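Model, not experiment: these values are computed from the prediction.
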Amino acid sequence: MKISIIIPTYNEEEYLPKLLESIKSQDFTDYEVIVADAQSDDNTREIAKEYGCIVVEGGLPGPGRNRGAEVAQGEILLFLDSDLELTENYLSNVIEEFESEDLGIAITQMTPLSEKKRDKYLHDLANWFMIAVENIKPHGAGCYGIISKKELHDEVDGFDENLSFGEDTDYIERVAEISEFKVLRNARIGVSTRRLEEEGLYTLLKQYGKSTVNDFRGKRTSAEDLGYEFGHDPIAALDSVDMERIAEKSRNRKIKDRINKFKDREIEENELIEVTEEETGLIIKEAAGSEGKKRIFYSVCGEGMGHAIRSSVILEHLTKKYDVYIFSSERAYEFLANKFDNVFEIGGFNTVYENNVVRTKKTFFKALKANPTNLKEGYNVLYKECKRVKPNIIISDFENYASMLSKLMNIPLISLDNIHMLTQCEYDYPPHHRADMLTAKAVTKSYILRPKRHIITSFFYPPLKHPKMTALYPPVLREEIMKLEPVEGEHVLVYQTAESSINLMEELKKLDYKFIVYGFNKDEVDENLTYRSFNEEQIFEDMRTAKAIIVNGGFTMISEAIYLKKPIYSTPAHKNFEQILNGFYVEKLGFGEYHDKLDVKKIESFLDNLDKYQENLNKVEPWDNTEILKDLDLSIEKYARLD
């Protein structure tokens, strides 16, 4: 017999007939169906017998699958949950790909038994994740359909019956150690969304998120930890000795040594300890443990240029004393690769703007579409370099794959950016932008997960929510900006890229001011408008000699304008809350004006009142990067993992 289909059940009279009908309708017929029932008190057993199934005593999913495998006659075992349904030609597609690829263990992709778009997107995302990590960490669950060779099942002694949760992933990992694993591309299995409906999206994401992270770290999670039940009383909770034994048994050999070296040390306080230079030397000597520099992974968000510009300043400092490996995407990658060694390109996400408006849905769909490639290429690059380099610590400037690597490989993480102002501080904001604020906070929280320390840059200073683990510093400045000696010239610098700005340019011709305009990628003069393509040296000079600056809500341009004491007219991109907050505080601090859109009459009024904004800007004390670099050095020495 070619294949034995094994189904563990408990009170599944509602769902089992649908699965058995889908099996019966397959074009492939060389199979047997074994139902391992855990003493159901409904009609589950009777239904199974009516369909000609072999019925054996079962238990929790692991024991049930093992009892079924004990009586199986097939060369190949297919383990299914009872609320699945086979799609057309599922069995023939599975057998063909499984045998042609000479696999020992495999799972199939899922398709939800639901018409809701949310369910389709979530299951597609799960499929993409499994494919992206299949060569890193064999992973899966019973809801995918688990296919294995009978001889290999027997060799690894089947499913670990001590596990109450994650027994399927544990099984896949152990079989994959002695054979080839793959997520099959040609077969999809229909999956019930009943747990999603019953328990809610948040609960399931929390459960499976925690379990997945623990799996990648070589730990096992019990059903009791997650509040998960198979449908009857859970087995007794395992003690720490049992859990460690199981984890040791099931760790993937390919990453086992790396996980063991990355065991986290206990830290009672997250508060950064201020020390003297002499004491710092002692800490460095102790933390290093041996000759050689610490190894840092520094990962940078590729959207826009602000993150890259800030990071280039930080990296100039770090590369003098540490071995630093840099990861970024798109323009930021190109910018950093021209300045530093050891720069690696990864995938990244970008916000979709249309006419200076953030398009949230299009951004989501673009990210969803790009996610399989980004995850596979981006995370794989980080993971492979992690195995090779063995970093002591990771620093992220709002780049999420580095955060994933930190959690999955248990490497300490420091977050250094301006974005986490949104989640770590108590600030004022325009009340009518509350929805934008909530969206931005949710996205920000998902990007960087529980770092050891938040280092945040800002030109305004609201109270911190968690002062022991968070520090607030002035914006990081480029050396070229700090060397400039600003003067009030005759022109207004305009930096705009939105399509709506084209019409504004015609309106600016009516004003009795000279404008130097960046953002249209051309060099020409049109009456009182001088267009310039981007050139770093030229824009520095134009900023130095400007009388005012018209800009969106970008953090870097606003920060440098404040340092150079240039009044600011800010028009943030609609629905971009970070930019909205920047513009709001420009006006709140009296450094200029914040408006929802470019309006020539408001610009004229702004330019007629530059004196009052200049007076407030003249009170701003100059700053440099000394304190933030000192904090970063101390944080690295405190949190870096020992070799």
Considering all heavy atoms, the nearest [X]-[Y] contact:
X      : Y      : result
Gln39  : Tyr10  : O-CE1, 3.8 Å
Arg641 : Asn410 : NH2-O, 2.7 Å
Ile6   : Gly64  : CG2-O, 4.4 Å
Phe297 : Cys386 : CZ-N, 3.6 Å
Arg453 : Ser635 : CD-OG, 3.0 Å
Glu32  : Ser4   : OE2-OG, 2.5 Å

Side-chain heavy atoms of [X] within contact of [Y], under 4.5 Å:
X      : Y      : result
Ile95  : Asp30  : no
Ile172 : Ile146 : yes
Ile448 : Ile419 : no
Ile7   : Leu20  : yes
Glu399 : Val300 : no
Phe181 : Val175 : no
Tyr15  : Ser192 : yes
Glu345 : Val381 : no

Answer yes or no: is there an ion pair linking [X] with [Y], defined by an N-O contact shorter than 4.0 Å?
X      : Y      : value
Lys2   : Glu99  : yes
Arg67  : Glu70  : yes
Asp124 : Lys120 : no
Asp81  : Arg65  : yes

Distance-only polar pair, side chains of [X] and [Y], donor-acceptor under 3.5 Å:
X     : Y      : result
Ser22 : Tyr90  : no
Asn66 : Glu161 : yes
Tyr51 : Glu21  : yes

ask   = Pick one: which of Ile147, Leu184, Ile76 meets side chain to side chain contact (heavy atoms under 4.5 Å, CB included) with Leu103?
value =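 Single pass found, and it is Leu184.
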query = So which of Asp157, Val156, Asn162 actually passes side chain to side chain contact (heavy atoms under 4.5 Å, CB included) with Asp160?
reply =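 Testing Asp160 for a side chain to side chain contact (heavy atoms under 4.5 Å, CB included) against Asp157, Val156, Asn162 leaves exactly one candidate, Asn162.
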request  = For the pair Asp41 and Asn11, evaluate side chain to side chain contact (heavy atoms under 4.5 Å, CB included) and give the outcome as yes or no after the intermediate values.
outcome  = CA-CA 6 Å; Asp41 52 21; Asn11 289 345; 2.9 Å; yes
Value rounded to 0.5 Å, distance of [atom1] in [X] from [atom2] in [Y]:
X      : Y      : atom1 : atom2 : result
Tyr31  : Lys24  : OH    : NZ    : 8.5 Å
Glu330 : Ile346 : CD    : CD1   : 11.0 Å
Ile23  : Cys53  : CD1   : SG    : 7.0 Å
Glu173 : Asp168 : CD    : CG    : 10.0 Å
Asn89  : Asn186 : CG    : CG    : 11.0 Å
Leu113 : Ile189 : CG    : CD1   : 9.0 Å

Within the supplied structure, the quantity of interest is the number of heavy atoms (other residues, nucleotides, ligands) at a distance under 6.0 Å from [X] [atom1]; does it exceed 12?
X      : atom1 : answer
Lys441 : NZ    : yes
Glu88  : CD    : no
Glu96  : CD    : no
Lys445 : NZ    : no

ask   = What about the rings of Tyr401 and Phe327, do their centers lie closer together than 6.0 Å?
value = no
Keeping the roles fixed (side chain from [X], backbone from [Y]), state whether a donor-acceptor pair exists under 3.5 Å.
X      : Y      : answer
Glu85  : Lys18  : no
Glu12  : Ser82  : no
Gln424 : Leu422 : no
Ser148 : His153 : no
Asn392 : Arg295 : yes
Arg188 : Thr111 : no
Thr439 : Ala435 : yes
Ser406 : Pro412 : no

request  = Give the intermediate values and the outcome of side chain to side chain contact (heavy atoms under 4.5 Å, CB included) for residues Glu14 and Asp42.
outcome  = CA-CA 10 Å; Glu14 179 181 354; Asp42 65 357; over 6 Å; no
ask   = Between Phe398 and His420, what is the ring plane arrangement, given parallel below 30°, perpendicular above 60°, and tilted in between?
value = perpendicular
Test side chain to side chain contact (heavy atoms under 4.5 Å, CB included) applied to Leu449 and Leu413, step by step = CA-CA 9 Å; Leu449 303 175; Leu413 174 69; over 6 Å; no
inquiry  = Assess the residue pair Lys149 and Asp102 against the criterion (salt bridge (charged side-chain N to carboxylate O under 4.0 Å, His left out)); give the C-alpha distance rounded to whole Å, side-chain angles, the decisive distance to 0.1 Å, and a yes or no.
reply    = CA-CA 10 Å; Lys149 289 183 177 178; Asp102 193 23; 3.6 Å; yes
message = Could you go through Glu46 and Lys49, starting from their C-alpha distance and side-chain angles, then the distance that decides it, and tell me whether this counts as salt bridge (charged side-chain N to carboxylate O under 4.0 Å, His left out)?
response = CA-CA 5 Å; Glu46 288 74 13; Lys49 291 175 182 177; over 6 Å; no
key: side chain to side chain contact (heavy atoms under 4.5 Å, CB included) assessment of Leu86 paired with Leu80   = CA-CA 10 Å; Leu86 304 193; Leu80 300 176; 3.9 Å; yes
